[in-house]
Structure formats: C-alpha cells, structure tokens
There are 2 protein chains.
Amino acid sequence: MSLRHALLGMLAEHPASGYDLLKRFNTSLAHVWPAKQSQLYGELGRMAEAGLIAVTDTGARNRKEYSITPEGRDELHRWLTQTKPDRSFRSESLLRVFFLWTLSPEEAAAYLEEFAEEAARHLAAFEAIRDHAPWRDTEPDRYARITLEHGLRDARTAVEWARWAGAEVGAAHTAATA
Amino acid sequence: MSLRHALLGMLAEHPASGYDLLKRFNTSLAHVWPAKQSQLYGELGRMAEAGLIAVTDTGARNRKEYSITPEGRDELHRWLTQTKPDRSFRSESLLRVFFLWTLSPEEAAAYLEEFAEEAARHLAAFEAIRDHAPWRDTEPDRYARITLEHGLRDARTAVEWARWAGAEVGAAHTAATA
DNA sequence: TAACTCATGTAAAAAGTTACATGATTGG
DNA sequence: CCAATCATGTAACTTTTTACATGAGTTA
C-alpha cells in the first residue's frame, strides 16, 4: 500500500488537505508514484478511520485539513525501516522494444527516435525543476533534490541508450541491405 | 492493455501455450512487464474470444497451444505504430527516498546502502544474462539484447546514484554534527 | 511410488483509472 | 457576474495480486 505511505510521508512534513496533497501528486510525486484524485480521497477516508491521520481543521469550501497522528508516524517509520520495497518495474515503452522486430526497419528506427526525443524532453523538464523550483533549505527538500537527481541521471541514460539503440538498428539494416 | 499486446508480441514469434508464455513473464519480460499466472490464462481466453489468437493445437495435460491470427498481427502493428506508450513510472524504492528525512541519518544511510547493493545485484544478474544466455542470431533476440542493454545501463546508473546519494547524506550529517 | 514439473483454471480482494457530479469562493 | 480555481465525493470499470484448486505426465 504505497499510496497510503506516500500520503503519510507528505503529512509528516505538515498538515494538508486532499487538494493540497493532490497537487503534489501532480508535480514532484507524479514522477515516482502517480495517483488520481478519486483514489486519494478514498484512501484519506480509510486512513482517518484507521487512526493514522485525523481531520484537525476545516476551512472554506468544505476543506478538511488532515494531520498525521502518532500512530501514523509509527506506521511510516515501520514501513521505511521494517519492510522491503517492492522493486518490480513496469515500462510500456520498453516492453514495445521487445517487439520492434515485427516492424519495418524504418518503423523501428522511428520508434527509437521518438523514445530518445521523449527522454530528452523529460530530461529538460527535470533540469528546469532543478534550476527554477523554489527550493527551500530544509531536510524534506534536500531529499526531494536527491530524488530528482535520480530522475536526471535516469533520463540522461535513457537518451543515450535510445540513440545507441537507434544506431544499432540502423547499422544492422544497412548491413543487411548492402 | 499492455498485457494483451505483450502476449500478442510473443505469439507473433511462434505459437505457445499459456505455460510457455508464463515462463517468459518470469524471465525476460519480468523486468519490463511483470504478470501473474492467473492474469495470463484469463487474458488468453478473452483474446481467443476476440479473435486475436486461436487454439491451434492441444497436447498432453490439457495443453492448449495458441497462435496469433491475422487480426492479432494487425492489432499488434496498430498498437506499435498508432498508439503512444504510457510513460508513467512507479518506483516504491524511489518514493521512499522522498521520506528518508523522517529517519535518523544512520537509518537513511543504511537505506541508500541497501539500495546500492540491490542495484549492484541487479546489474550482476543482467550481466550474467548478457554473457550466458543462449542467444540466437535472430531478430527477436537482437531486440531482446537491445532491451537488456537498457536494463544494464539503468542498473549502472542506479548504483552510481545510490552511492552518490549516500555520500551526499553522510556529508550533510557530518557537517551538521561537526 | 513419491516427488517434481507441466498445465490450466477460478474466486475474491486490492489497487488504479475513468467518468460523473456538485458546489463554494475568489479574482478580474 | 463570469470564469477560474478550490474542494470533495462517488460509481463503474479495468487491472493486478493473492490464494485456492485440480489433475496429468515424468523421473529417480
């Protein structure tokens, strides 16, 4: 239940509403653990029922501000230190590479080019965040930057791989048709 | 519906049973699109009903061999050329990094060390596959190796990042307690 | 003949996505 | 006052996971 722990982690920093948390899922968290609005409100309700968080303030427009409880902090700590992360990994764009042999060499090359371009756009977006986001000198932000650095390196690796793969495919095609 | 297209892609190479396909989901495909046994058999049934694949042979122990149909090939091609891959990305181990500030510096460092070790094990496993798998000189295998190369580069990047991150965290701790 | 591998299936639950629905408040 | 943003909720559906269930053929 990573969504639950993502919410606990954010609330450990400071109280927030579902709407506030959603904004973070649409920005920083989107790159490591995407979540939709409908999923969020449901989970917050269940977490409150379980005593991990509590409504500590209400505002205009039916706003509910949630705070993490001591039980919630315990659960967050338990998750981080006593459980192993699920390292399974899904990538539709990489899955497709397995099946590029069913396409013409031109189509396969086009796919890898688009892959490289997309990765380059991704990289540029991360660089923009690194250089222009309003970073504070706080511990949470230090770790956010460390996580971002992973994204940067990952995107760079992806660009390089896709260019290499494109060349690899092109070379084989040239050799086969020469 | 990536699972469906993963199955089509494998059957495009040659006919296979659910059990055969499952073995590939437990080896090569496991690194880009994990799937469980129960999901597979259900999906194969639905695909046969939709006319994308068909049972072309039956063997001992109730074995059913599926083949891709012309409609299935069309659908695979349509997927690869006419639709954009979903690039969303989930990583529980990276999500955790966001919340390491809630731990003691020692606990955070231990997490990043374990991350590096796990990535190194991953890298070693990929190298073993590259060097010892029974690669054939075929187009499908060429693309499988290209996909594997992504995994290798990705794992290398992860090891380097985790070591850098560990040093980063350690340095901050030393500075703060000096 | 016992253990192992082959081989398929289903049921229930959890997690995630898409779509619909509603209304308050604020800024121009 | 109109558009945008804030703010929450629910219903239906799809996807994925976990667990149970069964039995045929193979090998030591």
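Here the structure is a predicted model, which is why all the values come from computation and not from measurement. Residue numbers begin at 1 in each chain, while the letters A, B, ... track the order of the sequences.
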Rounded to the nearest angstrom, tell me the gap between atom [atom1] in [X] and atom [atom2] in [N].
{"X": "Gln37(B)", "N": "dT18(D)", "atom1": "CD", "atom2": "P", "answer": "13 Å"}
{"X": "Leu95(A)", "N": "dT16(D)", "atom1": "CG", "atom2": "C1'", "answer": "16 Å"}
{"X": "Trp33(B)", "N": "dT16(D)", "atom1": "CH2", "atom2": "C1'", "answer": "10 Å"}
{"X": "Glu43(B)", "N": "dT15(D)", "atom1": "CD", "atom2": "P", "answer": "7 Å"}
{"X": "Leu40(B)", "N": "dG9(C)", "atom1": "CG", "atom2": "P", "answer": "11 Å"}
{"X": "Tyr19(B)", "N": "dG9(C)", "atom1": "OH", "atom2": "P", "answer": "15 Å"}
{"X": "Lys36(B)", "N": "dC20(D)", "atom1": "NZ", "atom2": "P", "answer": "14 Å"}
{"X": "Lys23(A)", "N": "dA4(D)", "atom1": "NZ", "atom2": "C1'", "answer": "14 Å"}

Between Glu75(A) and His5(A), is a side chain to side chain donor-acceptor pair (under 3.5 Å) present by the stated rule, with each step listed?
-> CA-CA 8 Å; Glu75(A) 173 54 24; His5(A) 295 102; 2.7 Å; yes
Answer yes if Leu94(A) and Leu8(B) sit in the same cluster of Ile, Leu, Val, Met, Phe, Trp and Tyr residues linked by side chain heavy atoms under 4.5 Å apart, and no otherwise.
->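 Yes; tracing contacts between hydrophobic side chains, which count when under 4.5 Å, links both residues.
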Ignoring the backbone of Asp20(A), work out which of dG16(C), dA15(C), dA7(D) is nearest its side chain.
->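 Nucleotide nearest to Asp20(A)'s side chain: dA7(D).
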Distance-only donor-acceptor test (3.5 Å): side chain Gln39(B), base dT17(D) =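 A donor-acceptor contact between them is absent.
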Mark yes or no for a side-chain to base donor-acceptor pair under 3.5 Å between Ser38(B) and dT16(D), with no hydrogen or angle criteria applied.
->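 Check fails, no donor-acceptor contact within cut-off.
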What are the two closest non-hydrogen atoms of Phe25(A) and Ala30(A), and how far apart are they?
->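 Of all heavy-atom pairs spanning Phe25(A) and Ala30(A), the closest is O-CB, 3.0 Å.
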Quick one: is the NZ or CZ of [X] closer than 6.0 Å to the six-membered ring centre of [Y], and within 45° of its axis?
{"X": "Arg142(A)", "Y": "Trp101(B)", "value": "no"}
{"X": "Arg153(B)", "Y": "Trp164(A)", "value": "yes"}
{"X": "Arg61(A)", "Y": "Tyr19(A)", "value": "no"}

Can you sort out which residues in residues 76-93 of chain A have a heavy atom within less than 4.0 Å of DNA chain C? Ascending by number, please.
->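 Those residues: none at all.
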Name every residue in residues 57-69 of chain B that has at least one heavy atom under 4.0 Å from any atom of DNA chain C, in order of residue number, or write none if there are no such residues.
->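 The answer is Arg61(B), Asn62(B), Arg63(B), Lys64(B).
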Is it true that Phe115(B) and Trp161(B) have ring centroids separated by less than 6.0 Å?
->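 Yes, they do, as the ring centres are separated by less than 6.0 Å.
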Can you tell me if the side-chain N/O atoms of Tyr41(A) get under 4.0 Å from OP1 or OP2 in dT8(D)?
->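 Checking dT8(D) against Tyr41(A), a side-chain N or O does come within under 4.0 Å of OP1 or OP2.
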Output yes when Lys84(B) and Glu118(A) qualify as a salt bridge under the 4.0 Å nitrogen-oxygen rule, no when they do not.
->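 No.
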Nearest-nucleotide comparison on DNA chain C, the residue closer to the 5′ end among Pro34(A) and Gly18(B) |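 It is Gly18(B) whose nearest nucleotide is closer to the 5' end.
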Does any non-hydrogen side-chain atom of Glu43(A) lie less than 4.5 Å from one of Leu7(A)?
->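 With C-beta onward as the side chain, the pair touches.
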